[in-house]
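Got a structure here, written out as structure tokens. Questions coming.
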Amino acid sequence: MTTPQIIAFAIIFLMMAAFVWGRWRYDLVAAGALLAAVATGIVAPEDAFTGLSDDIVVIVGSALVVSAGVARSGIMEIAVRRFAPGISTPRAQLILLVLVVTVLSAFIKNIGALAIMIPIAFQMARTSGVSPSLFLMPMSFGSLLGGLMTQIGTSPNIIVSRVREELTGTSFSMFDFTPVGAALALAGLIFLALCYRLLPERARQSSSMEKAIEIKNYTTEVHVPADSPSIGRSISEVQRLGGGQAIVIGLMGENGKRRVPLPDALVRSGDLLMLEGEPEALDTIVAQGKLAFSERRSAANASEKTGVVEAIVGEHSRLIGHSARELSLFDATGLNLLAVSRRDKRFTERLSEIRYQNGDVIVLQGNLDELPDLLRDWDCLPLVERNLKLGSVRNGLVPVIILALAMGSTALGLAPVAFAFFAAAVLMVLTRTVPLREVYSHLDAPILIMLAALIPVSESLRTTGATELIAEWLSQTASVLPAYGALAMIMVAAMAVTPFLNNAATVLVMAPIAATFATGLGYQPEAFLMAVAIGAGSDFLTPIGHQCNTLVMGPGGYRFGDYWRLGLPLSVLVVLIAVPMLMLIWPM
């Protein structure tokens, strides 16, 4: 073993130990490993930042923006209520989410399937009162298992098909992978449904401040347009749109006459509804019921500078004792009053008639450049920004269409995955599905920096010849093993290498080794090539080997060491099932 190889192995080992220890944040650990690799000479200084332009970084960053656009559209909330209205327990929700992601991943890019379902996972987590972390990692693992079922499901399958064609003149077909892949997907689904509690519940770190100032009893007022689908529905049906997190506390007819908001009272065109509840529930009712905020002017005048701010009315505020109507709030300032909250108080008056008191929390919509000066002049203290969707413009099916076009273009080979998802992210901004001011808040910088730093460090295993050394060790060890032992060893080796080389690079390195090794021992190469593809596509131990695992790390609030808790037993299960299945389907 040469000195550069020893250094490469040492840096990788120390980096992994630091990841598992968790004393320092993962992006700092990755940056330290990159500095050490450059300082010791195994990574050239000019190659230190090549990771910033790597496809994986582009794909993950773009997918985060695309997923945020799908979430803002509200289309996923509609899908949940329409197709899974009775699924409310966490286990049933997890089974549905993992099943859908697994099936989709067999035919489209697994990161695209995962991006579609992440907003649904958040919606289901809210309805069942659990952390999204219970769903996101199992969904990522399901997407990896689903990719094993077809030739186009994942890059390793495509590459081993090419290697087989070079060796035998015949490539693997579309569904040659299905018998073993489907068995693994089914076993994985059962395992995740039964053992998902091995995963600790995590909360997204950036949400801790939001939880500290969480306000649940906002009151707002909306009117019913003539084209609203809520017309003719009962009050209880309208409330159901909010998932039990909002209620109708007041009802006024077009003639100004108040009616009692009984559960079976019917909504009419021109009615005014007083709603109370959590901001997201209020926003969902307004969006899905196609209602309109009564204090809000046309959304056509909104711009990128238009946003929503929560603020507390200060002790000496000149708003105290006055209402929005008395202050001519919109005419004087251009601001829309969207909601008001007062601790332990249920309002009976209209929103514009509520007289402010010290400590009230108000939600204002207007020009974000002007709002700070106005709030300071009024002695109001703005709360931490929470990206409320209340009062935001919805683009309906637009983000779903954009995502479908991106996935379709990759499936048909019209564009590389990185370019397709980057274009989709740009379109999300151009169509104002994701406001320009919020784009960078969706780019999880620690995750992207970790990936960019790790790519050149991992590449040092190849440039120093460490991968060839690993291959030589494998060949020597496997030569004394029975057929099933050699097959299992090749698969486990691919699983162990893929976090550091990414799955495509792992197959490019391991597939020729496996084929040559199998031929030398007198075995047919197909089972060994399949073993490499399965091992490279089954990265359940770390968040860095596959972009799907990386994509859920930030939203799920996961730590580096969380992955092996659920991933290690799943990896063992994959080996135990795949080896006999391969020997059965592909005689050696």
Side-chain angles (χ1 to χ4, degrees), residues 1-19 26-60 155-156 158-160 162-163 166 416-418 447-477 489-490 492-517 532-533 535-537 539 541-547 549-550 560:
M1 189 184 299
T2 65
T3 299
Q5 291 170 349
I6 294 174
I7 294 173
F9 281 127
I11 289 176
I12 293 290
F13 175 79
L14 292 174
M15 180 185 71
M16 294 300 295
F19 277 141
Y26 43 82
D27 54 332
L28 181 60
V29 172
L34 177 59
L35 290 176
V38 173
T40 54
I42 63 171
V43 172
E46 60 268 21
D47 296 331
F49 305 112
T50 55
L52 291 170
S53 61
D54 192 274
D55 282 358
I56 293 178
V57 176
V58 176
I59 291 170
V60 171
S155 299
I158 298 173
I159 296 173
V160 298
R162 188 179 67 193
V163 173
E166 293 172 352
V417 178
I447 295 290
L448 299 180
I449 292 298
M450 179 190 71
L451 283 177
L454 283 181
I455 287 168
V457 174
S458 299
E459 183 68 10
S460 68
L461 289 176
R462 185 188 61 81
T463 57
T464 60
T467 52
E468 286 80 1
L469 189 63
I470 294 171
E472 183 180 342
W473 291 341
L474 289 175
S475 297
Q476 293 174 355
T477 304
M489 190 196 69
I490 290 293
V492 170
M495 285 182 175
V497 172
T498 193
F500 309 106
L501 291 183
N502 79 53
N503 52 18
T506 297
V507 176
L508 290 172
V509 171
M510 296 289 296
I513 295 171
T516 304
F517 164 73
V532 171
D539 178 25
L541 301 179
T542 73
I544 59 177
H546 197 281
Q547 56 263 35
N549 287 352
T550 310
F560 196 95

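Quick note: residue numbers are just sequence positions, from 1.
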field: Distance (rounded to the nearest 0.5 Å) between Thr550 OG1 and Met450 CE
entry: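 Output value for this atom pair is 5.0 Å.
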Leu448: side chain to side chain contact (heavy atoms under 4.5 Å, CB included) partners, not counting sequence neighbours: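 Scan of Leu448 (side chain to side chain contact (heavy atoms under 4.5 Å, CB included), adjacent residues dropped) gives Val57, Val60, Leu443.
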message: Give me the atom names and distance for the closest heavy-atom approach of Leu34 to Pro456.
response: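 Scanning both residues completely, I find the closest heavy atoms to be CD1-CG, 3.6 Å.
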Which atom pairs, donor and acceptor, lie under 3.5 Å between side-chain atoms of residues 39-53 and protein residues at least two apart or in another chain?
| from | atom 1 | to | atom 2 | distance (Å) |
| --- | --- | --- | --- | --- |
| Thr40 | OG1 | Ala36 | O | 2.8 |
| Thr40 | OG1 | Ala37 | O | 3.3 |
| Thr50 | OG1 | Asp47 | O | 2.9 |
| Ser53 | OG | Thr50 | O | 3.0 |

query: How far does CD1 of Ile12 sit from OG of Ser460, to the nearest 0.5 angstrom?
result: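 Result: 5.5 Å between the selected atoms.
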field: Side-chain (Thr464) to main-chain (Gln5) donor-acceptor, under 3.5 angstrom
entry: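 No.
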query: Which heavy atom of Ala536 sits nearest a heavy atom of Ala494, and at what distance?
result: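 Shortest heavy-atom contact: N-CB, 3.8 Å.
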message: What verdict does the side chain to side chain contact (heavy atoms under 4.5 Å, CB included) test give for Thr498 and His546, after you've listed the backbone C-alpha separation in whole Å, the side-chain angles of each residue and the deciding distance to 0.1 Å?
response: CA-CA 8 Å; Thr498 193; His546 197 281; over 6 Å; no
Backbone of Asp539 reached by a side-chain donor or acceptor of Asn549 within 3.5 Å: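 Flag set: sc Asn549 to bb Asp539 pair under 3.5 Å.
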